[in-house]
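Structure first, then comments.
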Amino acid sequence: MFDFLKKIFAAEDTSSRDKANDRLRLVLTHDRIGASSELMETLQKEIVALIASHVEIEGTPEVHFITEGRRTALDISIPLKGR
Amino acid sequence: MEKKTPDSHVIVVTSGKGGVGKTTAVANLATGLAKLGYSVVVMDLDIGLKKLDLILGLENRVIYDIVQVADGECTLKQALVKDKRFPALYMLPAAQTRNKDDITTEQVKTICEELKQDFDFIFVDCPAGIEQGFRNSIAAANKAIVVTNPEVSAVRDADRIIGMLESCDFKDIKLLINRLRPEMVRSGDMLSIEDLMEHLCIDLLGVVPEDRNVVISTNRGEPIILDEHSSASKAFNNIVQRLLGNDVELMTLEEDSFWRKLKRNLGFKN
């Protein structure tokens, strides 16, 4: 009985369909550019280091892949410190 | 063999992943077009693992195969197997005891050129994978149908195949979603048509629902499109119309309800 109730309430959480979509979004982005998820970290580190060598960074820099149709782009947001 | 149209469509049916329904799609779309009087040939390039002859119920009529045609051991006309139901449908069988690289892309192109003289539609049944068999299959084609199932691994492979087709400058790539179960989509346990479109971003050719009748028709060697009461048949017939350039709306996919199940179990056609 408890299992049954748990099942009903669990359905409120993420469905397996949502989970499949999330996993696909990630894996397809990486497949399309032919890179692993480690690349993200490396890219972020190197890009931030390059920027930081020229200007001062303030806050948390963000580096993401964004997809538009079948194309992938790198979305970089680095907050810079004002004078 | 009388051509109905001056041009020929060479359509490769591919998927990356095996078992998603490529051969079933080829057999049904070809049969559907032949039924309408178009001259159609299906070319099985799954050399070493042929299935198309079995799906079409023509396994006992095979004499020569495509590798023998390529090697000049027989003529193309000798190797073509005539369908037992429709005089406008022919099959060029794969070789079962040979390998994918026993035929070259050039040889496939030459055979296709010869077929174009007699056929309105040439379907190429592509093997699973992205190796030589895939390259041979797309060599002569000017259209591609990518078959997938609403399932993560099939979608991932479909995406890879679409990427490869695009890098080979394919302009006409369409998606065929096979084995969709509407009741599972509704309960949040299966990827929906919209989900697949969002991931793969190509035009949708059609959706074939999961249908137990497909298993039965495959057992008999009769394409499901001939069983007009089945939902898969309706879906394939709609796709045939779309291949002919006609605008057909996606059919409403009915839930496998209690009443439908009861009717089926009582022996009514659904």
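Source: prediction; values computed, not measured.
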Exercise. So which part of A:N21 gets closer than 4.5 Å to some heavy atom of chain B, the side chain, the backbone, both or neither?
Worked result: both

Problem set entry | Any A:R32 side-chain heavy atom under 4.5 Å of B:R160 side chain | no

Exercise. Which answer fits B:R156, side chain, backbone, both or neither, if we ask what part of it has an atom under 4.5 Å from a heavy atom of chain A?
Worked result: both

Exercise. Is the number of heavy atoms from other residues, nucleotides or ligands within 6.0 Å of CD (A:E41) greater than 12?
Worked result: no

Problem set entry | Note: A:R17-B:D195 ion pair, threshold 4.0 Å (strictly below) | yes

Exercise. For B:S192, is it the side chain, the backbone, both or neither that has a heavy atom under 4.5 Å from a heavy atom of chain A?
Worked result: both

Problem set entry | Residue pair A:S15 / B:G188: nearest heavy atoms and the distance that separates them | CB-O, 3.2 Å

Exercise. What's the spacing between A:R70 CZ and B:D159 CG if we round to 0.5 Å?
Worked result: 4.5 Å

Exercise. With side chains defined as the heavy atoms from C-beta onward, is the minimum distance between A:L24 and B:L191 less than 4.5 Å?
Worked result: yes

For this session: Tell me, for B:I162 versus chain A, whether the close heavy atoms (under 4.5 Å) come from the side chain, the backbone, both or neither.
Result: both

Problem set entry | Separation of B:C201 SG from A:E68 CD (nearest 0.5 Å) | 10.0 Å

Exercise. With a 4.5 angstrom heavy-atom cut-off, which part of B:E151 approaches chain A: side chain, backbone, both or neither?
Worked result: neither

Exercise. Just by modelled atom types, is the B:V152 backbone N or O under 3.5 Å from a matching donor or acceptor in the A:R23 side chain?
Worked result: no

